[in-house]
Amino acid sequence: MRKEVNKFKYWKKLASHYKKMKKVHMRELFEKDENRAEKYTIKLDSMLLDYSKNRIDDKTMQYLTGLARECKLDAKIEDMFEGKRINLTENRPVLHTALRNRANTPVYVDGKNVMPEINEVLAKMRSFSEAVRLGKFKGHTGKKLTNIVNIGIGGSDLGPVMAVEALRKYWAKDINCYFISNIDGTACAEVLNRIDPETTLFIVASKTFTTIETLTNARTCRKWLVDALGEHAVAKHFAALSTNVKEVEKFGINPENMFEFWDFVGGRYSMWSAIGLSIAIAIGMDNFERMLDGAYAMDVHFRTADFEHNIPVILGLLGIWYNNFFNLRNYAVVPYDEYLKYVPAYLQQLEMESNGKFVSNHDEYVKYATAPVLFGGAGTNVQHSFFQLLHQGTTVVPCDFIIPAISHNEIGEHHEILMANVLAQGEALMRGKTVKEAAEELAKAGKSKEEVKFLKKYKSFPGNRPSNTIVFKKIDPYALGMLIAMYEHKVFVQGVIWDIDSFDQMGVELGKQMALSILPELQGNAYSMGHDSSTAGLIKHIKRLRK
């Protein structure tokens, strides 16, 4: 049984080292070492990570990588890639990496090579997506299917919607993509109001084909289609991403249009599988496979690079440094690219559903912080929302900035202004502005002594606020694959350090179970005696309003 990580030798070294580093300003670190940026920069293909604007020195990184080795991270990485059952609570392997195993080397689960099945599904995705894109797979009335509606929730929605939006420039010119996930009827209504039943393909993404939100939305869409085109249209306008053949057939979907995925792929890691069918139809299977290529390049890097030059390992360890030693419980991801605006929402699920845990792999309550709260949005918009807090708030929030050097839409000087902003934000968060500097600046601007005295503190910035800058040449399918795989592995690194299962999601279940007990009460006249007074009162009040 592994002892708690806060009792490890390198954890204690870091705790002691923190007492020194908490007093150090990054300005000093840059002034003392003119090669600091070069030392703390890693390049991989067209991607660059600059992590020099962190409250670290060589000793910090030595202790952090020492902690990773003490936690046997290298062995855990191999266990994942080799198909060991590292999802302990569900007794499953974790093999999203096999979905993008472009070398096609054998990957075994219980002695069986899973690659032939994965390749078979990829081939089926290619055949089906091309048939839809070329108009060979037609709707019930013989029209081309140009409206693709993905019906899913959680990992069956967030991954595809993020990727499709990120790669919008690669869409076929006559294809439109829509996503329905929320059980709120508005989600269905707004999509159905914009599409034509004759030209719409619905993709129902549910492994068990029993997920209440997904199936409720799918049945509403089915009724809408049947009312317009008749019962026989269902087989020509629906596909399923599932393993439940019986329920898929019962729904009216042709089993030939059902795409399989496996228990060794968790929902939030599934966009690389058949769950990515909407992506493949939108951008074409060649581009979908380029996305797999990019993820595979990051997989190889993660598996083979030493920890001192390993991008996901370093990002994961920096997160540990801030979360567990500086007690910084928030973390922001800010892509400076409009196409990447859904990346923070995707990463919220990836990080907080994976590592929002309070029980260790050894059935003990953890005595240290696990996943921080992740938030974000697209720059420069968010500079006018939460950046005030980032710069002058009492809460320090480490940030990741993501920027492509080349935009898909090079219009005038737009992209240069965008890049100037992201670089300025990183520098401003690091440097800050002292009260003395603020006073001098105000005096130069012609302010009176009284105004200077009054305003100088308001105009000062503490700085010393950490950030990473991640630069790509351009956000293409390969780059997106690298980016998402990088964050997947970063989350895994932290789960290993914290000794938690990053691949279950038990915390999602309780509220769903309770909702099933409340639903009959909202629909009928019965009242349960088992609720607290607040919930019981709310049920009564809502029922009165709905009458």
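Quick note: residue numbers are just sequence positions, from 1.
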**Student:** Would you say NZ of K76 has more than 12 non-hydrogen atoms from neighbouring residues, nucleotides or ligands within 6.0 angstrom?
**Tutor:** no

**Student:** Would you find a donor on one side and an acceptor on the other, under 3.5 Å apart, between the side chain of D299 and the backbone of R100?
**Tutor:** no

**Student:** Are D110 and R85 close enough, and set up right, to give a salt bridge (Lys or Arg N to Asp or Glu O under 4.0 Å), and what steps lead you there?
**Tutor:** CA-CA 10 Å; D110 297 330; R85 294 180 180 272; 2.5 Å; yes

**Student:** Step by step, work out the side chain to side chain donor-acceptor pair (under 3.5 Å) result for N355 and T370.
**Tutor:** CA-CA 6 Å; N355 287 342; T370 56; over 6 Å; no

**Student:** Heavy-atom count around H362 NE2 within 6.0 Å, excluding the residue itself: above 12?
**Tutor:** yes

**Student:** Closest heavy-atom contact between F137 and A235?
**Tutor:** CZ-O, 4.4 Å

**Student:** Hey, what do you get for CD1 (I406) to OG (S46), rounding to the nearest 0.5 Å?
**Tutor:** 9.5 Å

**Student:** Could you pull out all residues at least two apart from R303 that satisfy salt bridge (Lys or Arg N to Asp or Glu O under 4.0 Å)?
**Tutor:** E78

**Student:** Quick one, Y339 and N409 - any side-chain contact, counting heavy atoms below 4.5 Å?
**Tutor:** yes

**Student:** Could you tell me if Y269 and T97 have a donor-acceptor pair between their side chains, going purely by distance under 3.5 Å?
**Tutor:** no

**Student:** Classify the angle between the aromatic ring planes of Y170 and H408 as parallel (below 30°), tilted (30 to 60°) or perpendicular (above 60°).
**Tutor:** perpendicular

**Student:** Does the pair E198 and T141 meet the rule for a side chain to side chain donor-acceptor pair (under 3.5 Å), with working shown?
**Tutor:** CA-CA 6 Å; E198 291 186 275; T141 61; 2.8 Å; yes

**Student:** Between N104 and N119, does the side chain to side chain donor-acceptor pair (under 3.5 Å) criterion hold? Intermediate values first, please.
**Tutor:** CA-CA 9 Å; N104 202 33; N119 292 331; 2.8 Å; yes

**Student:** Tell me whether R102 is salt-bridged to E289, with the criterion being a basic N under 4.0 Å from an acidic carboxylate O.
**Tutor:** yes

**Student:** What I want to check is whether the side chains of N87 and E90 have a donor and an acceptor closer together than 3.5 Å.
**Tutor:** yes

**Student:** Is it the case that atom CD in E249 sees more than 12 heavy atoms from other parts of the structure closer than 6.0 Å?
**Tutor:** yes

**Student:** Quick one: do D184 and T186 satisfy side chain to side chain donor-acceptor pair (under 3.5 Å)? Show the steps, please.
**Tutor:** CA-CA 5 Å; D184 185 343; T186 301; 3.2 Å; yes

**Student:** Give me the ring orientation class for Y336 and F401: parallel if the planes are under 30° apart, tilted from 30 to 60°, perpendicular past 60°.
**Tutor:** perpendicular

**Student:** Determine, using ring centers only, whether Y346 and Y487 are less than 6.0 Å apart.
**Tutor:** no

**Student:** Does either side chain, that of T208 or that of N244, offer a donor lying less than 3.5 Å from an acceptor on the other one?
**Tutor:** no

**Student:** Which pair of non-hydrogen atoms, one from S407 and one from E410, has the smallest distance, and what is that distance?
**Tutor:** N-OE2, 2.9 Å

**Student:** Determine whether the side chains of K236 and N254 contain a donor N or O and an acceptor N or O closer than 3.5 Å.
**Tutor:** no

**Student:** Starting at CD1 of I275, measure out to CG of L241 and round the result to the nearest 0.5 Å.
**Tutor:** 4.5 Å

**Student:** Is R290 paired with D286 through a side-chain N to carboxylate O contact shorter than 4.0 Å?
**Tutor:** no

**Student:** Could you check whether F375 and Y331 have their ring centres less than 6.0 Å apart?
**Tutor:** no

**Student:** Does atom CG (D363) have a neighbourhood of more than 12 heavy atoms from anything else shown, all under 6.0 Å?
**Tutor:** no

**Student:** Ignoring hydrogens and angles, tell me if any N or O in the side chain of H96 forms a donor-acceptor pair with the backbone of E488 under 3.5 Å.
**Tutor:** no

**Student:** How close do G481 and W272 get, counting heavy atoms only, and between which atoms?
**Tutor:** O-CH2, 3.8 Å

**Student:** Looking at D504, is its backbone amide N or carbonyl O close enough to the side chain of K357 to form a donor-acceptor pair, meaning the two atoms are under 3.5 Å apart?
**Tutor:** yes

**Student:** Can you find a heavy atom in the side chain of W262 that is under 4.5 Å from one in the side chain of T243?
**Tutor:** no

**Student:** Does G316 offer a backbone N or O that forms a donor-acceptor pair with the side chain of Q494 under 3.5 Å?
**Tutor:** yes

**Student:** When you measure from the side chain of H237 to the backbone of P197, do you find a donor-acceptor pair of N or O atoms at a distance under 3.5 Å?
**Tutor:** yes

**Student:** Take atom OH in Y178; do more than 12 heavy atoms of anything else shown fall under 6.0 Å from it?
**Tutor:** yes

**Student:** Does K124 count as lying over the ring of F259, i.e. NZ or CZ under 6.0 Å from the six-ring centre, within 45 degrees of the axis?
**Tutor:** yes

**Student:** Begin with the C-alpha distance, continue with both residues' side-chain angles, and end with the deciding distance and a verdict on salt bridge (Lys or Arg N to Asp or Glu O under 4.0 Å) for E509 and K512.
**Tutor:** CA-CA 5 Å; E509 295 173 6; K512 291 167 73 173; over 6 Å; no

**Student:** Under a 3.5 Å distance rule, please check whether D293 uses its side chain to pair with a backbone N or O of Y478 as donor and acceptor.
**Tutor:** no

**Student:** What's the spacing between I86 CD1 and F503 CZ if we round to 0.5 Å?
**Tutor:** 4.5 Å

**Student:** Hey, is the main chain of K207 close enough, under 3.5 Å, to the side chain of S242 for a donor-acceptor pair?
**Tutor:** yes

**Student:** Using modelled atom types only, decide if a donor and an acceptor are shared between the side chain of N310 and the backbone of I314 within a distance under 3.5 Å.
**Tutor:** no

**Student:** Give a yes-or-no answer on whether the side chains of E521 and H531 include a donor-acceptor pair shorter than 3.5 Å.
**Tutor:** yes

**Student:** Under a 3.5 Å threshold, yes or no: a donor from one side chain and an acceptor from the other, between S206 and T211?
**Tutor:** yes

**Student:** Can you measure from CG (N330) to CG (L374) and round to the nearest 0.5 angstrom?
**Tutor:** 9.5 Å

**Student:** When you measure from the centre of the six-membered ring of F251, is the NZ or CZ of R222 closer than 6.0 Å and no more than 45° off the axis?
**Tutor:** yes

**Student:** Other residues, nucleotides and ligands only: do more than 12 of their heavy atoms fall within 6.0 Å of NZ on K474?
**Tutor:** yes

**Student:** Hey, what do you get for OG1 (T200) to CZ (F238), rounding to the nearest 0.5 Å?
**Tutor:** 9.5 Å

**Student:** May I ask you to decide if L88's main-chain N or O and D501's side chain share a donor-acceptor pair within less than 3.5 Å?
**Tutor:** yes

**Student:** Establish, from distance only, whether the side-chain atoms of D157 and N150 form a donor-acceptor pair under 3.5 Å.
**Tutor:** no

**Student:** Taking atom types as modelled, find out whether D174 and T146 have a side-chain donor-acceptor pair closer than 3.5 angstrom.
**Tutor:** no

**Student:** Minimum heavy-atom separation for S181 to I153, with atom names?
**Tutor:** O-CD1, 3.5 Å

**Student:** Distance check, rounded to the nearest 0.5 Å: F179 atom CZ versus S156 atom OG?
**Tutor:** 11.5 Å

